[in-house]
There are 2 protein chains.
Amino acid sequence: MDPAVVGRRVRALREERGISLSTLARLAGVGKATLSGLEHGTRNPTLETLWAVTAQLGVPLTAVLTEPAAGPTVHGTAVTATLLEVFTDTDATYELYRMRVAPGVTQLSPAHAPGVTEHVTVFAGVLCAGPADAPLTAPAGGHLRWVSDVPHSYATVGDEEVAASLLLRYPRR
Amino acid sequence: MDPAVVGRRVRALREERGISLSTLARLAGVGKATLSGLEHGTRNPTLETLWAVTAQLGVPLTAVLTEPAAGPTVHGTAVTATLLEVFTDTDATYELYRMRVAPGVTQLSPAHAPGVTEHVTVFAGVLCAGPADAPLTAPAGGHLRWVSDVPHSYATVGDEEVAASLLLRYPRR
DNA sequence: CATCATCGTTCCGTAAACGGAACAGTCGGG
DNA sequence: CCCGACTGTTCCGTTTACGGAACGATGATG
């Protein structure tokens with residue numbers, strides 16, 4: 001955990017809001033020296049200090065402590081997916097992703113293990129996805145499901161980026 | 001942010017692993033006094049200290065800084081839902097929840113605004129949910145969808161707790 | 001019972017994070 | 001130009017979190 005990274009995030013958040021270091025320090029009730037050192041990563045801040053600052057910025061502590069993308073992120077040619085949650089059950093393991101599909105490109109993904117299914121709920125845009133030889137289409141608000149033990153594809157319909165949630169279900173072997 | 005809460009989580013995580021305060025302090029390279037004070041909430045730990053301890057426990061910093069359920073949590077008679085993500089689009093707003101339904105109780109929820117739809121994907125257990133007068137049923141791996149502008153219900157089928165993801169779609173009025 | 005190990009807490013000197021003040025640099029107005 | 005208001009950084013005395021050692025309590029062993 002690099003304190004310099006935390007510092008950069010704090011500074012970025014502050015500058016997004018267009019407020020000065022002096023102002024934020026005063027609002028958060030910390031010394032300017034403290035905030036300056038924190039943003040530079042030259043100090044090793046106390047929880048209390050970090051809390052005061054992030055609270056004033058209106059973000060949770062985790063916003064500066066974790067990567068902007070909370071989970072591991074998978075980048076493909078068209079698809080960017082970040083893992084939101086993993087759920088393990090006696091019968092299967094589920095992985096819940098937030099997914100974005102860039103327009104104009106079709107991404108082909110190889111087959112998963114037998115029995116793996118994908119559920120997609122579209123937030124925005126129109127998604128065309130599913131088995132490569134018989135893809136399905138869903139508009140915003142729609143839902144797709146397919147068994148992904150065959151090669152499958154993802155693409156947008158139209159120029160709009162697609163936002164969706166993707167649920168991968170891996171049956172216990 | 002209550003340092004006592006952080007302390008309790010650290011202590012809980014340590015005791016889950018069955019290791020002593022002395023041992024964890026040695027492994028994490030911090031003083032026993034430091035760890036003792038941290039667990040009691042009588043100290044105001046430094047990021048470095050907290051990082052050393054949580055890393056040794058094998059959990060991310062956020063595990064002790066945020067609620068066990070990361071987002072705002074809604075508790076009902078049978079349903080506990082925690083907000084994972086909010087997505088706002090030009091057409092609609094989506095809220096993605098992780099949901100648990102306790103067995104043996106049926107929860108009735110009042111109607112939402114017109115056009116609001118719910119998508120549920122079941123992780124574990126068997127869920128019976130939907131419009132109160134015509135609920136639907138889905139086993140683990142299944143998916144339900146209904147328009148929730150009428151009163152609707154949630155209940156498990158059988159004695160097993162249901163785990164699921166719930167997506168609420170609010171069309172822009 | 002005596003002994004030893006380990007438990008978690010408390011004491012204490014040191015190192016460092018803290019807030020306030022002083023500092024140089026920059027912009028805008030009279 | 002000069003001045004005031006502001007920016008962010010640096011200096012400094014005070015506060016406090018730090019690790020190590022000492023402590024009493026507990027449990028296992030001979």
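Values below: all heavy atoms of this structure, side chains included; hydrogens, waters and symmetry mates excluded. Numbered from 1 within each chain, the chains take letters A, B, ... in sequence-line order.
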I need the CG-P distance between B:L47 and D:dA17, as an integer number of Å.
14 Å
Under the side chain to side chain contact (heavy atoms under 4.5 Å, CB included) test, residues paired with A:T42 that sit two or more places apart:
A:H40
In the hydrophobic clustering that connects Ile, Leu, Val, Met, Phe, Trp and Tyr at side-chain heavy-atom distances below 4.5 Å, which members other than B:V126 occupy its cluster, ordered by chain and number?
B:V157
Short side-chain to backbone donor-acceptor contact, A:T137 and A:C128, under 3.5 Å
no
N/O (side chain, B:R43) to phosphate O (OP1/OP2, D:dC18) under 4.0 Å:
yes
Would you say that more than 12 heavy atoms from the other residues, nucleotides or ligands in this model lie under 6.0 Å from the CD of A:E48, or not?
no
Rounded to 10°, tell me the angle between the two end axes of the helix from C:dC1-D:dG30 to C:dA24-D:dT7, each built from five pairs.
30°
Would you mind checking if A:R8 and A:E39 are paired as a salt bridge, meaning a charged N to carboxylate O distance below 4.0 Å?
no
Range on DNA chain C touched by chain B, heavy atoms, distance below 4.0 Å:
C:dC7 to C:dC11
Sorted by number, the residues of residues 21-34 of chain A with heavy-atom contact under 4.0 Å to DNA chain D:
A:L21, A:S22, A:T23, A:K32, A:A33
Connected-component partners of A:V147 among ILVMFWY, side-chain separation under 4.5 Å
none
Decide yes or no for A:L127 and A:T156: does some side-chain heavy atom of the first lie under 4.5 Å from some side-chain heavy atom of the second?
no
List, by chain and number, the other hydrophobic cluster members for B:V150, where Ile, Leu, Val, Met, Phe, Trp and Tyr join if side-chain heavy atoms come within less than 4.5 Å, directly or indirectly.
none
What residues, two or more places apart in sequence or in another chain, satisfy salt bridge (Lys or Arg N to Asp or Glu O under 4.0 Å) together with A:E161?
A:R100
Selection: residues 11-19 of chain B, any non-hydrogen atom under 4.0 Å of DNA chain C:
B:R11, B:R14
Return the value, rounded to whole Å, for the distance between atom CG of A:L38 and atom P of D:dT10.
15 Å
Listing request: all side chain to side chain donor-acceptor pair (under 3.5 Å) pairs with a residue in residues 25-36 of chain A, at least two apart in sequence or in separate chains.
A:T34-A:R43
Restricting to side chain to side chain donor-acceptor pair (under 3.5 Å), what partner residues turn up for B:T23, sequence neighbours left out?
B:S20
Are the side chains of A:Y154 and A:S109 in contact, using a 4.5 Å heavy-atom criterion?
yes
Running the 4.5 Å side-chain criterion over Ile, Leu, Val, Met, Phe, Trp and Tyr, what cluster does A:L27 land in, apart from itself?
none
If I take atom CG in residue B:L35 and atom P in nucleotide D:dA17, what distance separates them, rounded to the nearest angstrom?
15 Å
